[in-house]
Amino acid sequence: MRRLAPVLRQDGADADLISLIKTILAACKEISFRVGQGALSGVLGSTLDENIQGETQKKLDVLANELLKDMILETGLVMAISSEEEESTVAGNPNGQFLVTFDPLDGSSNTDINSLIGTIFSILPAPKNADPADPAIFLQPGTAQIAAGYVLYGPSTMLALTTGKGTRLYTLDKTYGGFLLTQEEVAIPGVTAEFAVNMSNQRHWEAPMQAYINDLLLGKAGPRGKNYNMRWIAAMVGDVHRILCRGGIFAYPRDLKDPNKPDKLRLMYEANPMSMLVEQAGGASSTGYQRIMEIQPVDIHQRVAVILGSRHEVDSCLNYHKA
Ligand code: FBP
């Protein structure tokens, strides 16, 4: 089995990028160990604090955030970091050539029920001679990403990673402590009969998404002419991983439940890295009206509607959004 660094070198990644990715993964290995220990390591449960998103922080959110933040900044390769758990960006080395934005623990509602959770990260180029303390240096579209990935903490700990030369899957070998390549070329099937969405929000969705999902639910007797199955892991890393493995469509659509917060998922450290992984595996990713990777960000914590997965199924969903 091939190790990570030689594969990244083959993909043209330079020594600094490889070193940065390996540091992110070293933090994820520590998180994987703590998650695996569960209640034995006292990491379950919530803190009394709220993050910038207004969500009660889980102990694992805080632990994962501190590990990643400290280890990434210690490399000296990074001008600044941005995290779901940090109100603003955190400055690093003014001469750092990279910016890293991350969701230290995706699927927080799953931490205390021993279900799938993960870490999502995105690496951007640092603008030359910029102010490391200026959050605006992060406001680059997803197409500017140098690398994107997630680590899934499940029965096995797995990594999905792209540096723009395709999406590859690795598995953590806990005996020697390194990630080994277990799937070289991920290719998402264009057609699928599996969808993932939180159906409990259906009544709040916009009309196009209501119509699209209703037609899936009509199955063979409906306009789509086939039966669809549904899955929902309530952790984006888990739902996207299933799609990388066997296809499908995932959606967290805009809903009008709270008009002040119509979208749930965050552009910079959830939607953009997942979109790069999916597109590099032959899939598609959209808000319903725009390719997510082409969105010009206006805020490091901005939220967007997400529809991604098997290309032909995403196209079918987008047809419902056309005027
Ligand atoms: P965080 O856990 O990082 O806040 O992420 C949001 C998330 O958990 C996604 O991973 C997941 O797809 C979605 O929210 C689940 O939402 P819901 O609670 O509506 O099912």
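The basis for the numbers below is simple: all heavy atoms, side chains too, and nothing from hydrogens, waters or symmetry mates. For ligands, and for the atoms within them, numbers begin at 1 and follow the listed sequence.
Using a 4.0 Å cut-off to heavy atoms of Leu105, the atoms of ligand 1 that qualify are 3 (O). Near Ser108, meaning under 4.0 Å from any of its heavy atoms, are these atoms of ligand 1: 2 (O). If you number the atoms of ligand 1 from 1 as listed, the ones under 4.0 Å from a heavy atom of Gly107 come out as 1 (P), 2 (O), 3 (O), 8 (O), 10 (O).
By the 3.5 Å distance cut-off applied to N or O atoms, Ala235 is not counted among the residues near ligand 1. In terms of N/O distances under 3.5 Å, ligand 1 is not approached by Ser109. The shortest N or O to N or O distance between Asn198 and ligand 1 is under 3.5 Å.
Using modelled atom types, one side-chain atom of Arg311 and one backbone atom of Gly283 make a donor-acceptor pair closer than 3.5 Å. No side-chain donor-acceptor contact under 3.5 Å links Asn198 to the backbone of Ala251. Within the 3.5 Å criterion, the main-chain N or O of Ala305 finds no donor-acceptor partner in the side chain of Thr287.
Here the protein heavy atom with the shortest distance to atom 4 (O) of ligand 1 is Arg266 NH2, 3.0 Å. Ranking the protein heavy atoms by distance from atom 18 (O) of ligand 1 puts Lys264 NZ, 3.7 Å first. At the shortest separation from atom 3 (O) of ligand 1 among protein heavy atoms lies Asp103 OD2, 2.9 Å.
Aromatic ring pairs are classed by plane angle as parallel below 30°, tilted from 30° to 60° and perpendicular above 60°; the pair His241 and Tyr150 is perpendicular.
Ion pairing of Arg2 with Glu184 is present here, as a side-chain N (NZ or NE/NH1/NH2) and a carboxylate O approach within less than 4.0 Å. One finds no salt bridge joining Asp215 and Arg224 here, because no Lys/Arg side-chain nitrogen approaches an Asp/Glu carboxylate oxygen to under 4.0 Å.
When Phe250, Trp232, Tyr252 are ranked by how near their heavy atoms come to atom 19 (O) of ligand 1, first place goes to Tyr252. The closest non-hydrogen atom to atom 5 (O) of ligand 1, taken over Glu270, Met236, Met274, Glu84, comes from Glu270.
Residue Ile233 places every heavy atom at 4.0 Å or more from ligand 1.
Side-chain atoms of Tyr212 and Glu313 form a donor-acceptor pair, as typed in the model, at a separation below 3.5 Å. A side-chain N or O of Thr171 and one of Thr182 form a donor-acceptor pair less than 3.5 Å apart.
Contacts between Asp239 and ligand 1 below 4.0 angstrom, taking non-hydrogen atoms only, are absent altogether.
Applying the 6.0 Å contact sphere to CZ of Phe33 captures no more than 12 heavy atoms from other residues, nucleotides or ligands.
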